[in-house]
Amino acid sequence: MSAVHQAANKSSATIYKVERNVLLELLDSAGSGWLKVKHRDGPIGFIRIEDVWGA
């Protein structure tokens, strides 16, 4: 399970968590290892790139 955060840093609030194989829409690459994503139900947040594609 991966956390989607309010801002592009680990100390920001977790908005929601997603299971493996959940589709997220890629909105932007926030830089420094974060992606801006949108869940199909609407919430927008930031997830670590390695949580999406692996390290």
Side-chain angles (χ1 to χ4, degrees):
M1 187 170 296
S2 299
V4 178
H5 294 269
Q6 188 173 24
N9 65 63
K10 285 188 176 185
S11 62
S12 69
T14 298
I15 300 172
Y16 55 95
K17 293 186 178 185
V18 291
E19 297 282 343
R20 186 179 183 149
N21 296 323
V22 170
L23 293 177
L24 298 171
E25 179 182 350
L26 176 61
L27 299 178
D28 193 14
S29 176
S32 68
W34 290 88
L35 301 172
K36 186 175 184 179
V37 295
K38 180 179 180 184
H39 188 274
R40 68 180 181 160
D41 294 334
I44 295 173
F46 295 87
I47 191 168
R48 296 282 306 163
I49 196 167
E50 65 263 10
D51 289 346
V52 177
W53 288 300

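We number each residue from 1, following the sequence as shown.
Nearest heavy atoms, I47 versus S2: CD1-CB, 3.8 Å. Pairing each heavy atom of A3 with each of T14, the nearest pair is CB-CG2, 3.9 Å. For A7 against S12, the heavy-atom pair with the smallest separation is O-OG, 3.1 Å. Contact between Y16 and K38 at its shortest, heavy atoms only, is OH-C, 4.3 Å. For the pair K17 and M1, the tightest heavy-atom approach, listed with the atom from each and the gap, is CB-SD, 3.4 Å.
The structure places CG of L24 at 14.0 Å from NZ of K36, a figure rounded to the nearest 0.5 Å. Taking CZ of F46 as the start and CG of N9 as the end, the distance is 9.5 Å to the nearest 0.5 Å. K10 NZ to H5 NE2: the interatomic distance, rounded to the nearest 0.5 Å, is 7.5 Å.
Partners of I15 by side-chain contact (heavy atoms from CB on, under 4.5 Å), not counting sequence neighbours, listed by chain and number: Q6, P43.
Using a 4.5 Å cut-off between side-chain heavy atoms of Ile, Leu, Val, Met, Phe, Trp and Tyr, I44 falls into a hydrophobic cluster with L27.
Checked by atom type and distance alone, the side chain of H39 pairs as donor or acceptor with a backbone atom of D41 at under 3.5 Å.
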* To do: Applying side chain to side chain contact (heavy atoms under 4.5 Å, CB included), run through V37 and V4 and close with a yes or a no.
  => CA-CA 8 Å; V37 295; V4 178; 4.3 Å; yes
